[in-house]
Amino acid sequence: MEEIIIIPALFIGLPWLVLHYITKWKTAATITTDDEALLEELYSLAKRLDDRMDTVERLVASDNPDFKPARLVHDSEADNQQLRELEQLIAEKKGAAQ
């Protein structure tokens, strides 16, 4: 009598449960277009703020020769490479959307 319950549970119930949660996991992991737009906006804002910070540091350094910038690594090549890759991906995405 127990075999009647165990066999369908193993061959029907267990695969259904696994496939159900795999489907939920795949749909939950996607990023929406609103999220992408927000990330692009935040990226451009961060880039503008970084440029402003550089400008402020240059102005203060020109007025005060003893000024030491708060950022230890200024214009790091590793950071710049990552930014170039990100800008290239954004440009490709905009080109594909048009």
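Predicted, not measured: the structure shown is a model, and the values here were computed from it.
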Applying the 4.5 Å side-chain criterion to the ILVMFWY set and letting contacts propagate, would [X] and [Y] be lumped into a single cluster?
X   : Y   : value
M53 : L59 : no
I6  : F11 : yes
I12 : L10 : no

Legend entry - Within 6.0 angstrom of E85 CD, more than 12 heavy atoms from elsewhere: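 It does: E85 CD has more than 12 such atoms within range.
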Spatial distance of atom [atom1] ([X]) from atom [atom2] ([Y]) [nearest 0.5 Å]:
X   : Y   : atom1 : atom2 : result
L39 : D34 : CG    : CG    : 11.0 Å
E40 : K93 : CD    : NZ    : 5.5 Å
D50 : L45 : CG    : CG    : 11.0 Å
L14 : L19 : CG    : CG    : 9.5 Å
I22 : K24 : CD1   : NZ    : 13.5 Å
D35 : T32 : CG    : OG1   : 3.0 Å

Legend entry - Flag side-chain contact, heavy atom, 4.5 Å: R52 against T55: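 No - every pair of side-chain heavy atoms lies 4.5 Å or more apart.
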